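This report concerns only the one structure given below.
So you know, we letter chains A, B, ... as the sequences are listed, proteins then strands, and number each from 1. A quick note: this is a predicted structure, and the numbers were derived from the prediction, not measured.
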Amino acid sequence: MEYNFREIEKKWRERWAADKTYHVTEDASRPKYYVLNMFPYPSGAGLHVGHPLGYIASDIYARYKRLKGFNVLNPMGYDAYGLPAEQYAIQTGQHPAVTTAANIARYREQLDKIGFSFDWDREIRTCDPAYYHWTQWAFRKMFLSYYDRRADKARPIEELTAAFEQNGTEGVDAACSEELTFTADQWRAMDEKQRAEVLMNYRIAYLGETMVNWCPGLGTVLANDEVVDGVSERGGFPVVQKKMRQWCLRVSAYAQRLLDGLDTIDWTDSIKETQRNWIGRSEGAEMRFAVKDSDEAFTIFTTRADTIFGVTFMVLAPESELVARLTKPDRQAEVEAYVEATKKRTERERIADRRVTGVFTGSYALNPFTGEAIPIWVSDYVLAGYGTGAIMAVPAHDSRDYAFARHFGLPVVPLIEGCDVSEESFDAKEGTVCNSPRPGVTALDGFSLNGLTVPEAIAATKRFVAEKGLGRVKVNFRLRDAIFSRQRYWGEPFPVYYKNGVACVVPEECLPLELPEVNRYEPTEDGQPPLGHATRWAWDEAARCVTDNARIDNSTVFPLELNTMPGFAGSSAYYLRYMDPRNDSALVSREADDYWQSVDLYVGGTEHATGHLIYSRFWNKFLHDLGLSCVEEPFRKLVNQGMIQGRSNFVYRIKDTNTYVSLGLKDQYDVTPLHVDVNIVQNDVLDVEAFRRWRPDYRDAEFILEDGKYICGWAVEKMSKSMYNVVNPDYIVDKYGADTLRLYEMFLGPISQSKPWDSNGIDGCFRFLRRLWNLFFDADGSLAVTDEEPTRDNLKTLHKLIKKVSEDIEEFSYNTSVPAFMVAVGELAQQKCRSARVLEPLVVLLSPFAPHVCEELWHLMGHTTTVCDATWPQGDEAYLKEDTVTMPVSFNGKTRFTVDVPADATKEAVEQAALGAEQAARYLEGMQVVKVIVVPGRIVNVVLKK
RNA sequence: GCACUUGUGGCGAAAUUGGUAGACGCGCCAGACUUAGGAUCUGGUGGCUUCGGCCGUGUAGGUUCGAGUCCUAUCAAGUGCACCA
């Protein structure tokens with residue numbers, strides 16, 4: 001009987017859908033396991049062969065866990081808000097909801113062909129009001145919360161107002177944008193608007209002034225990568241740095257917990273390292289510097305407090321408010337010109353162009369340890385957004401300060417014995433401190449660091465600074481708050497309105513606040529975001545349930561927030577929603593959350609390391625603080641699948657002709673390589689007829705062949721339409737079947753490695769499945785499986801396979817289990833194995849990889865239930881032992897020990913092994929011989945163990 | 001610049017975690033069946049060899065009875081962060 005994969009796969013695809021085979025419900029009697037893929041953005045291009053890689057890997061794991069008796073949640077959905085649909089809408093007027101729905105339908109069709117065990121009843125879409133209800137809900141909660149640093153968790157904002165009412169800021173330790181100090185009386189004296197401003201400083205979702213790339217021509221904020229050479233990528237409009245009031249999330253409040261949490265989860269070191277890097281914890285000290293002949297003073301942050309005696313100048317960031325305050329009148333023109341010039345440059349330009357620039361303010365700071373006057377400069381190498389926006393410069397021990405000092409001729413004072421600072425700074429934190437203070441200089445209270453090592457000096461200085469009130473020990477993080485506003489249409493609307501200019505969140509019962517229709521998707525003429533075009537005010541819709549008295553009394557329609565949320569909003573808690581996707585009274589019910597807990601296995605690409613994977617962790621910690629998500633870390637284990645690159649093919653056209661020369665002969669001509677569609681090339685041999693049909697200008701193409709074939713060149717490039725190297729999974733499924741595709745994708749290489757897609761090897765996997773199929777049938781096409789006793793060889797093959805495959809799946813090295821199946825099937829065929837007691841477990845073992853064919857075989861063998869409900873076979877080590885005989889081994893003619901060796905080992909071979917291990921014999925006292933490896937006619941090893 | 005990852009046949013890759021390097025697949029070679037092969041099946045396939053063996057895991061050292069695996073240095077590729085004081 002022939003392996004008719006088309007018929008088999010169609011049959012089971014339909015049956016599984018009709019029977020809801022993969023539907024899952026909470027079941028307290030079974031242990032749960034939660035497998036999750038990073039859900040896709042449904043782009044117009046459809047899936048290519050790289051997308052399903054991670055889905056297949058996680059599907060295998062999900063099916064394996066189910067066979068192991070777990071209740072497995074394996075959901076799928078769509079990250080449906082995004083820029084491409086909006087851009088397309090601007091160009092065509094087509095509503096993004098329409099294109100998104102069409103793309104989703106196409107994705108679904110493609111996914112369905114690959115045989116995933118997704119529970120489609122739990123599908124979610126981020127653009128669905130029933131879903132973004134809870135995105136808005138979480139935002140609302142963030143607005144209504146502050147971060148209590150003492151309790152180290154988010155608390156309701158009412159607790160903060162109550163504290164202010166009682167004692168003002170006294171005793172409050174809350175994460176904030178700006179340190180504020182006021183008394184209870186002052187608080188009580190504030191009007192509503194002033195209080196709102198103060199609270200905004202503490203809210204976890206807050207309106208904040210941030211530096212953005214503002215493009216007036218487009219009327220929107222642009223991300224750094226949307227700005228090229230100071231103008232917008234689209235349209236070429238100038239872009240300036242601008243302070244704007246934007247919604248932000250106080251992610252920085254969670255920096256320490258985000259860092260600590262990394263130690264509790266099972267992610268790769270590289271991605272943890274990337275996150276640690278991004279969070280950027282640095283321990284140091286803040287020190288206060290008074291300004292000479294002035295009442296002004298300012299604070300700097302340093303990790304090298306020990307270098308205080310080497311400070312020869314101070315530097316302010318151009319954006320710092322201190323600049324205006326500290327600039328002397330005679331320097332004002334120059335300083336303002338400098339600040340203006342830096343404003344015009346984007347952050348990207350400042351990074352790309354590292355010329356040393358700066359300007360002197362005319363003011364001097366006083367070294368708090370020595371009272372020495374130090375000139376204060378302004379330079380763009382100091383960032384406003386980190387630390388305090390001001391630094392103490394120690395050119396001898398910081399390379400950036402060094403470059404600045406050399407450029408402007410400022411003094412360099414070395415502080416480490418024997419260090420050479422004539423060519424470059426000495427940045428290493430090692431050596432013995434000197435010149436601290438310099439001979440002849442007396443420091444405050446006779447303080448001295450001379451003779452200490454650098455780490456000792458850092459500690460000593462910190463202690464001194466704290467004791468003398470010169471500053472404080474401080475931990476800084478590089479992690480910034482997330483800017484949460486986008487001047488876009490196709491995103492979640494904020495549940496926010498403005499009452500007399502004060503931002504308020506809409507009442508909970510009004511959610512979801514639905515995205516209104518607009519007739520245009522561009523910004524409005526007066527520079528408002530596209531929501532300014534809304535024809536039907538979402539607020540009017542929401543107003544029906546609003547109980548806000550002020551609104552009802554005077555019938556005022558308050559303006560709504562016109563920005564929408566960014567892409568990461570909808571993806572930050574979707575894993576919770578899958579637990580209870582149709583709940584319309586909560587994001588997730590207590591029961592569902594208690595049962596599913598958190599994601600046990602999360603599969604996706606590394607590109608989200610510093611985006612989604614940080615935001616999700618933050619979001620989940622926030623919900624955890626609210627008592628909602630019972631586990632603090634959302635993703636227990638993370639596996640990153642590599643990218644599938646394209647493997648492009650080339651033809652070589654002889655210049656100015658329509659003649660194409662095969663790869664091996666191209667060097668004899670002057671040729672231009674041209675991309676050719678990989679789908680008309682097989683094993684690098686071009687289908688010349690298909691090539692002529694491919695495009696009109698190739699219709700009359702002539703070929704210079706080698707050995708009668710046209711051989712194409714190839715290169716690994718990004719998989720993209722323009723390189724004609726996109727391989728569509730539909731095509732592979734149609735030609736070889738989904739089971740072959742699944743096997744081949746896993747066989748291609750380690751899951752976490754990036755690799756080019758190469759259709760060349762796929763025949764091997766197809767042949768394997770056909771060999772497997774043939775194992776079950778006689779020559780006449782009847783089922784050959786019998787209930788005869790398996791032979792010892794049969795069982796040995798089976799148990800080897802069980803051990804190997806079980807281990808492989810646990811470690812995600814599917815690429816080595818596919819060969820194990822190939823070998824096992826080869827052996828069983830050779831053994832002419834017919835025994836159901838071997839073949840049935842074989843089908844179960846393979847079913848996670850090739851579910852369709854296994855389901856078919858399972859039913860042909862007389863089962864009426866799905867193979868998914870079978871039990872993963874139990875391994876038995878007893879069958880894995882080699883048949884052994886005991887043999888004495890002698891060294892130097894003296895018998896020292898006996899070992900078990902393979903039955904086919906000759907005495908001579910063992911003696912030879914012993915001889916080879918003569919030197920090892922010296923160590924034999926107290927050592928145990930574990931194994932003697934004997935290969936007839938070859939050198940042998942003796943394995944010893946203490 | 002800093003961090004992380006990876007270097008093994010013509011190609012994708014394995015290697016029981018320190019113990020027979022190159023499993024398995026592709027490709028290639030030979031054979032079988034075929035009118036035919038871009039179908040199928042069988043066998044072979046790291047390099048050199050005087051057929052005894054010898055050499056081989058980016059390069060150079062080291063530890064070890066023994067190293068693809070551990071250590072040091074170095075080169076190359078990829079990814080992430082990047083004036084973070």
Side-chain angles (χ1 to χ4, degrees), chain A residues 268-282 284 300-305 307 315 317 347 350-354 356 379-383 385-394 397-401 403-404 427 476-480 606-607 609-610 640 642-643 645 647 682-685 687 709 714 743-744 747-750 752-768 770-771 803-804 807 813 815-823 826 880 916-924 930-944:
Chain A
T268 61
D269 288 338
S270 77
I271 204 148
K272 282 188 186 180
E273 202 53 40
T274 303
Q275 290 212 341
R276 285 195 189 103
N277 215 318
W278 184 260
I279 295 166
R281 183 182 206 270
S282 80
I300 58 93
F301 174 76
T302 180
T303 53
R304 291 294 304 273
T307 59
V315 189
E347 208 153 322
R350 280 166 63 167
I351 290 161
D353 173 17
R354 295 201 180 181
V356 177
S379 174
D380 66 1
Y381 83 88
V382 174
L383 304 175
Y386 183 76
T388 61
I391 63 158
M392 63 179 215
V394 185
H397 302 291
D398 183 286
S399 52
R400 296 150 304 178
D401 298 344
F404 195 84
D427 291 12
N476 256 339
F477 293 93
R478 197 162 65 200
L479 184 70
R480 318 264 179 98
T606 43
E607 66 272 19
T610 53
N640 298 112
M643 264 223 304
Q645 295 143 314
R647 186 179 186 277
Q682 192 159 19
N683 292 343
D684 292 334
V685 177
D687 181 339
K709 294 179 204 159
W714 62 274
L743 275 175
Y744 185 57
F747 181 67
L748 216 47
S752 56
Q753 239 171 60
S754 285
K755 58 225 161 212
W757 176 267
D758 181 356
S759 297
N760 287 346
I762 199 163
D763 292 302
C765 288
F766 182 70
R767 273 180 217 137
F768 158 70
R770 197 167 46 201
R771 277 202 303 275
K803 184 166 194 272
K804 174 75 179 144
E807 284 170 3
S813 38
N815 56 321
T816 60
S817 20
V818 178
F821 280 115
M822 290 175 173
V823 171
L880 304 181
E918 237 173 49
Q919 286 190 287
R922 286 188 281 136
Y923 299 87
L924 272 173
V930 176
K931 193 156 98 180
V932 174
I933 299 164
V934 181
V935 177
R938 291 261 343 207
I939 197 68
V940 186
N941 277 308
V942 177
V943 182
L944 307 165

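When all heavy atoms of A:F477 and A:Y386 are compared, the closest pair comes out as O-CE1, 3.6 Å. Between A:G749 and A:K755 the shortest heavy-atom distance is O-NZ, 3.7 Å. Residues A:K804 and A:A820 come closest through the heavy atom pair CG-CB, 3.6 Å. When all heavy atoms of A:R647 and A:W757 are compared, the pair lying nearest together is CB-O, 3.2 Å. Taking all atoms of both residues into account, the shortest heavy-atom contact from A:N815 to A:P750 is ND2-N, 3.5 Å. Taking all atoms of both residues into account, the shortest heavy-atom contact from A:D401 to A:V394 is OD2-N, 2.9 Å.
B:rC29 and B:rG46 are spaced 16 Å apart, taking the P atom of each and rounding to whole Å. Separation of the C1' atoms belonging to B:rC24 and B:rU74 is 34 Å when rounded to the nearest angstrom. Comparing B:rU5 with B:rG10, their C1' atoms are spaced 26 Å from each other, to the whole Å. Taking atom P in both B:rU57 and B:rG47, the straight-line distance is 15 Å, to the nearest Å. A distance of about 25 Å separates the C1' atoms of B:rG12 and B:rA67, rounded to the whole Å. Comparing B:rA15 with B:rU20, their P atoms sit 13 Å apart, to the nearest whole Å. A distance of about 7 Å separates the C1' atoms of B:rG68 and B:rA21, rounded to the whole Å. Across the C1' atoms, B:rU16 and B:rU69 are found 13 Å apart, a figure rounded to whole Å.
Between the CE atom of A:M392 and the CZ atom of A:F301 there is a distance of 11.0 Å, given to the nearest 0.5 Å. We find the OH-CG distance between A:Y744 and A:N760 to be 7.0 Å, quoted to the nearest 0.5 Å. Taking CD of A:Q275 as the reference point, atom OG1 of A:T610 lies at 8.0 Å (rounded to 0.5 Å). From A:F768, atom CZ reaches atom CG of A:D763 across 15.0 Å, with rounding to the nearest 0.5 Å. Between atom CG of residue A:L743 and atom CG of residue A:L748 there is a gap of 12.0 Å, rounded to the nearest 0.5 Å. A distance of 10.5 Å separates CG of A:D269 from OG1 of A:T274, quoted to the nearest 0.5 Å.
Stretches of at least 3 consecutive Watson-Crick or G-U wobble pairs, with each checked distance under 3.5 Å, appear in RNA chain B as B:1-7 with B:75-81, B:10-12 with B:24-26, B:27-32 with B:40-45, B:46-48 with B:53-55, B:58-62 with B:70-74.
Counting non-hydrogen atoms under 4.0 angstrom, A:I391 reaches a base of the nucleic acid. Residue contacts for A:E807: at a heavy-atom cut-off of 4.0 Å it reaches no nucleic acid atom on any strand shown. Looking at heavy-atom distances under 4.0 Å, A:N760 makes contact with sugar-phosphate atoms alone, never a base. A:P750 comes within 4.0 angstrom of sugar-phosphate atoms only, judged by non-hydrogen atoms across all strands, and of no base. Residue contacts shown for A:N815 are limited to sugar-phosphate atoms, with no base heavy atom under 4.0 Å away.
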message = Let's go through A:I391 and A:Y381 carefully: what are the C-alpha distance in whole Å and the side-chain angles of both, what is the deciding distance for side chain to side chain contact (heavy atoms under 4.5 Å, CB included) to 0.1 Å, and is it a yes or a no?
response = CA-CA 10 Å; A:I391 63 158; A:Y381 83 88; 3.8 Å; yes

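The A:E273 side chain lies nearest to B:rA3 when the options are B:rA3, B:rA85, B:rG38. In the set B:rG25, B:rC4, B:rA15, B:rG25 carries the atom at the smallest distance from any side-chain atom of A:M822. Here B:rA13 is the nucleotide among B:rG38, B:rA3, B:rA13 with the atom lying nearest to any side-chain atom of A:K755. Considering only the side chain of A:D380, B:rC83 comes nearest among B:rC24, B:rC83, B:rA13. For A:D687, counting side-chain heavy atoms from C-beta on, the closest listed nucleotide (B:rA85, B:rA15, B:rG38) is B:rG38.
Atom-to-atom, CZ of A:F768 to P of B:rC26 comes out at 13 Å; the value is rounded to the nearest Å. Between A:D269 atom CG and B:rU6 atom P the separation is 10 Å, expressed in whole Å. We find that CD1 of A:I279 is positioned 15 Å from C1' of B:rA3, with the value rounded to whole Å. Remark: P of B:rC26 and OH of A:Y744 are 10 Å apart, rounded to the nearest angstrom. Rounded to whole Å, the distance from CD on A:Q753 to P on B:rC11 is 15 Å. We find that CG of A:L748 is positioned 11 Å from P of B:rG12, with the value rounded to whole Å. At whole-Å resolution of the value, CD1 in A:I271 and P in B:rU6 are 15 Å apart. One can place CZ of A:F747 at 16 Å from P of B:rC11, the figure rounded to the nearest angstrom.
OP1 and OP2 of B:rC83 both lie 4.0 Å or more from every side-chain N or O belonging to A:S379.
Nearer to the 5' terminus of RNA chain B, by closest-nucleotide assignment, is the contact made by A:I762 (compared with the other of A:G389 and A:I762). In terms of position along RNA chain B, the nucleotide closest to A:S270 lies nearer the 5' end than the nucleotide closest to the other residue of the pair A:S270 and A:T303.
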Under-3.5 Å N/O pairs linking protein and nucleotides 76-81 of chain B:
unit_1: B:rC81; atom_1: O2'; unit_2: A:R478; atom_2: NH2; d: 3.3

Name the pairs: protein N/O against N/O of nucleotides 40-46 of chain B, kept only if under 3.5 Å.
unit_1: B:rU40; atom_1: OP1; unit_2: A:R770; atom_2: NH2; d: 3.2

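Glycosidic conformation of B:rU72: anti, with the torsion beyond 90° of 0. With its glycosidic angle within 90° of 0, B:rG52 is assigned syn. For B:rG62, the base is anti relative to its sugar; the glycosidic angle deviates from 0 by more than 90°.
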